[in-house]
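Presented below is the structure to which this report refers.
Treat the numbers as computed from the prediction; the structure is a model and nothing was measured. In what follows, chains are A, B, ... by sequence order, proteins preceding strands, each numbered from 1. Heavy-atom basis, side chains included; hydrogens, waters and symmetry copies ignored.
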Amino acid sequence: MIRVTLLDGSARDVEEGTSFLEVAEGISPRLAKTAVCARWNGELHDLREPVPGDGALAVIGPGEPEALETLRHTASHIMAQAIKRQFPKVRLGIGPAIEEGFYYDLDLPTPLVEEDLEKIATGMREVIAADLPITRKDLSKAEARALFEKRGETYKLELLEDIEGETVSVYEQGEFVDLCRGPHLRSTGALRADAVKLLSIAGAYWRGDEKRPMLQRVYGTAWEKAKDLEQYLWRLEEAAKRDHRKVGKELDLFSIHEEGGAGLICWHPKGARLRRTIEEFWYAEHDRRGYEIVATPHIGKEQLWTISGHLGFYRENMYSPMDIDGVDYFIKPMNCPYQILIYKTRTHSYRELPMRMAELGTVYRYERSGVLHGLLRVRGFTIDDGHIFCRPDQVDEEIRSVYDFAVGMLTTFGFREFDIYLATRPHAGKAVGEPERWEQATAALRAALDARGLPYKVDDGGGAFYGPKIDIKVKDTLGRPWQCSTIQFDFNLPERFDMTYIGEDGAEHRPYMVHRALLGSLERFIGCLIEQYGGAFPVWLAPVQAVVIPIADRHNEYAANLALHLRDAGLRAQVDDSGERMNSKIRAAQLNKVPYMLVVGDREAESEGASVRLRTGEDKGTMKLDLFLQTAKGIIDSKSLEVWAA
RNA sequence: GCCCGUGUAGCUCAGUAGGUAGAGCACCCCCUUGGUAAGGGGGAGGUCAUCGGUUCGACUCCGAUCGCGGGCUCCA
């Protein structure tokens, strides 16, 4: 007998060989009817599998994340089946469920085109309508090998070799068989045809390796109900509207030029204004927290990059050298070497540590053309780059304060969702520095994370070769994570540059070095900001905070004076004295997402006031200028995400 | 870099079985001076990404290059 513990804590004993489904039936026939898969001791299993031994069982029904994952995995099989019917020569790669859908990688002699998606979708509807039972079979590796050899599925054979253990499972539905761990739905008809949609075709290297064949990947999405699919598609549309490349053009923030070069950003006046506001805030915060601001050159001699090791380990991201008086100079891909040179200009006492140095340093890195993406992935960018040089006993405190600084910064800008990673020592001996230092450094990072209680994931072995790190990513509207903050230990550069400080004992010691960027790069960060707000920035960031709108030309003078007054008070204000009608001016300001529109006509000129309209569409009515200024300044100074105070 | 797609006025997009192009917005001019999301009229603006090939003739077909988009890989 096997003892199965249920969710409510009760237990029941079942015969060996009993399937999860049978257990579910024993609990309640209704549960069994809607059940999708089983979670057994924390692992997902197919309902048809026999219970392997004593353990805890949760029967997963609709509405749970695992159910959606199972359904998507089945959708990918159904798609593969439909594709195989249309293109018998296809060889299958892998076809997993992903965050919001599924894909299947295929090797096809001819490229798929958009129209093929519709045909494949039709084929899928047929498979779903046929309601083919999905069965699971355990095979020995030899049996499986024979099966996939017969079918010419060379990629499956390769996968088979990498699976540990002697038996593998395959899933069958009608004529379709796939090597698969499962779990799956019970029949193809369990998927709703109106809740599935094929989205796109893309290229993908077999097993992500560019030395291997390029396969074709078909992306799709699948949901429990048609309504869920609709909602998802609506979300995609909304996200597209906020795309920073589109919004950046509409709001006249930045441009990229074919003549200038891919991945190189030109900031227009309004984008530059936004950037400057961020920089000013950034400088103020760094002053407050005891950073020394520095500035370093854009190019440096080969010698510098040899000492730093960049020419050894970072060369492929660096641009070709330029010859200056017979010496090779390189455009900097990082700021750290120069900051270290600054540190090294004199001896340092243990008393003056920690030393915190920072700059908005513009670097250039070679990125392959295919990865460039608006502001989010560029070739020239400005890192808000800081380096902390400290004693071992100061590390904990420094890490904690940098971490708080980073989270506080991102929070001020209105980001609420973070993915936090702790990346630890790389395996296979690819790390520099003694293991004890790694342990201490990793412990310091972990302690900072634990102290703040935000959830984080451990990226085992994901650290740089020179030290462990914390990465903080924010999510854009498409749900794509973008790395902003990073806090990285460095055991490498202090050695290479022979950095020292004089300790209490009068002897030379090696300082600890921490690289940190809070916003990441200004380009990427602004890209994220644009998407976060769809261009309707918090008032303190808005490139133009107020537009004064004269109703008729005779109000232009009053409007100009008003704008002057606002600018004196520190607001970024403009007058719209174009010959347009008031309605048209309001529309223009609205489309530019200007937070405040101050309409002025005879009444306002008379009363020394303005009629205040917010970009939310709200009309606050006519008010004295002072009252408006007071409220607006309150919003701006507090960096509120609201446009108006209640 | 690789796979697929794509590139027409400042912007968003039509268009041609291959015979050198059109709209709306924006811009300029004129009329209108209007109370909370587009007043009316007129005008100017394009070697149809670039280079090469096929053709009597290419914006249209083919190739290459560059850019852009969706992915793969990589990163701030």
Verdict with supporting geometry, Thr296(A) and Gln339(A), side-chain hydrogen bond (donor to acceptor under 3.5 Å, both in side chains): CA-CA 7 Å; Thr296(A) 63; Gln339(A) 292 196 11; 5.8 Å; no
Would you indicate what [X] reaches in the nucleic acid, counting non-hydrogen atoms under 4.0 angstrom: base, sugar-phosphate, or nothing?
{"X": "Gly208(A)", "result": "sugar-phosphate"}
{"X": "Ala204(A)", "result": "sugar-phosphate"}
{"X": "Val378(A)", "result": "base"}
{"X": "Asp619(A)", "result": "base"}
{"X": "Gly203(A)", "result": "base"}
{"X": "Glu367(A)", "result": "base"}
{"X": "Leu519(A)", "result": "nothing"}
{"X": "Glu316(A)", "result": "nothing"}
{"X": "Ile383(A)", "result": "nothing"}
{"X": "Tyr366(A)", "result": "sugar-phosphate"}

Nearest-Å distance for atom pair [atom1]/[atom2], residues [X] and [N]:
{"X": "Glu259(A)", "N": "rC68(B)", "atom1": "CD", "atom2": "P", "answer": "12 Å"}
{"X": "Met597(A)", "N": "rA37(B)", "atom1": "CE", "atom2": "C1'", "answer": "9 Å"}
{"X": "Glu114(A)", "N": "rG70(B)", "atom1": "CD", "atom2": "P", "answer": "14 Å"}
{"X": "Ile265(A)", "N": "rG67(B)", "atom1": "CD1", "atom2": "P", "answer": "14 Å"}
{"X": "His244(A)", "N": "rA76(B)", "atom1": "NE2", "atom2": "C1'", "answer": "14 Å"}

Quick one: is [N] close enough that its OP1 or OP2 comes under 4.0 Å of any side-chain N or O from [X]?
{"X": "Ser200(A)", "N": "rG70(B)", "value": "no"}
{"X": "Tyr219(A)", "N": "rC72(B)", "value": "yes"}
{"X": "Lys211(A)", "N": "rU73(B)", "value": "no"}
{"X": "Arg245(A)", "N": "rG69(B)", "value": "yes"}
{"X": "Arg613(A)", "N": "rA37(B)", "value": "yes"}
{"X": "His373(A)", "N": "rG70(B)", "value": "yes"}

query: Expressed in whole Å, how much space separates the P atoms belonging to rC11(B) and rA49(B)?
result: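 Looking at atom P only, rC11(B) and rA49(B) are 13 Å apart.
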Distance between P atoms of rG15(B) and rA9(B) (Å, rounded):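 One P to the other, the span is 15 Å.
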- prompt: Pick the nucleotide of RNA chain B nearest each of Gly370(A) and Arg217(A); which residue has the one closer to the 5' end?
  reply: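 Closer to the 5' end of RNA chain B: Gly370(A).
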Could you please name the partner base of [N], counting Watson-Crick and G-U wobble pairs only when both distances are under 3.5 Å?
{"N": "rA17(B)", "value": "none"}
{"N": "rA49(B)", "value": "rU65(B)"}
{"N": "rC27(B)", "value": "rG43(B)"}
{"N": "rG1(B)", "value": "rC72(B)"}
{"N": "rU55(B)", "value": "none"}

Closer than 4.0 angstrom, basic N to acidic O: yes or no for [X] and [Y]?
{"X": "Arg207(A)", "Y": "Asp162(A)", "result": "yes"}
{"X": "Asp459(A)", "Y": "Lys457(A)", "result": "no"}
{"X": "Glu398(A)", "Y": "Arg516(A)", "result": "no"}
{"X": "Glu69(A)", "Y": "Arg72(A)", "result": "no"}
{"X": "Lys89(A)", "Y": "Glu153(A)", "result": "no"}
{"X": "Lys119(A)", "Y": "Glu114(A)", "result": "no"}
{"X": "Asp252(A)", "Y": "Lys270(A)", "result": "no"}
{"X": "Glu210(A)", "Y": "Arg368(A)", "result": "yes"}
{"X": "Lys620(A)", "Y": "Glu618(A)", "result": "yes"}

- request: Before giving the answer on side-chain hydrogen bond (donor to acceptor under 3.5 Å, both in side chains), spell out for Arg524(A) and Gln483(A) the whole-Å C-alpha distance, their side-chain angles and the decisive distance to 0.1 Å.
  value: CA-CA 9 Å; Arg524(A) 175 176 293 176; Gln483(A) 182 160 332; 5.9 Å; no
message: With a 6.0 Å cut-off on the ring centroids, do Phe330(A) and Tyr319(A) count as close?
response: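 Centroid separation for Phe330(A) and Tyr319(A): 6.0 Å or greater.
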Kindly give the atom pairs (protein nitrogen or oxygen, nucleotide nitrogen or oxygen) under 3.5 Å for nucleotides 63-66 of chain B.
from, atom 1, to, atom 2, distance (Å)
rC66(B), O2', Glu258(A), OE2, 3.4
rC66(B), O2, Glu258(A), OE2, 3.3

With a 3.5 Å cut-off and heavy atoms only, can you find an N or O donor on one side and an acceptor on the other between the side chain of [X] and the base of [N]?
{"X": "Arg524(A)", "N": "rC75(B)", "value": "yes"}
{"X": "Glu604(A)", "N": "rG35(B)", "value": "yes"}
{"X": "Gln590(A)", "N": "rA38(B)", "value": "no"}
{"X": "Tyr103(A)", "N": "rG71(B)", "value": "no"}

With the criterion being N/O to N/O and under 3.5 Å, what pairs connect the protein with nucleotides 24-34 of chain B, and how long is each?
from, atom 1, to, atom 2, distance (Å)
rU33(B), O2', Arg554(A), NH1, 3.4
rU33(B), O2, Asp553(A), N, 2.8
rU33(B), N3, Asp553(A), OD2, 2.9
rU33(B), O4, Asp553(A), OD2, 2.7
rG34(B), N7, Ile551(A), O, 2.3
rG34(B), O6, Ile551(A), O, 2.8
rG34(B), O6, Asp553(A), N, 3.4

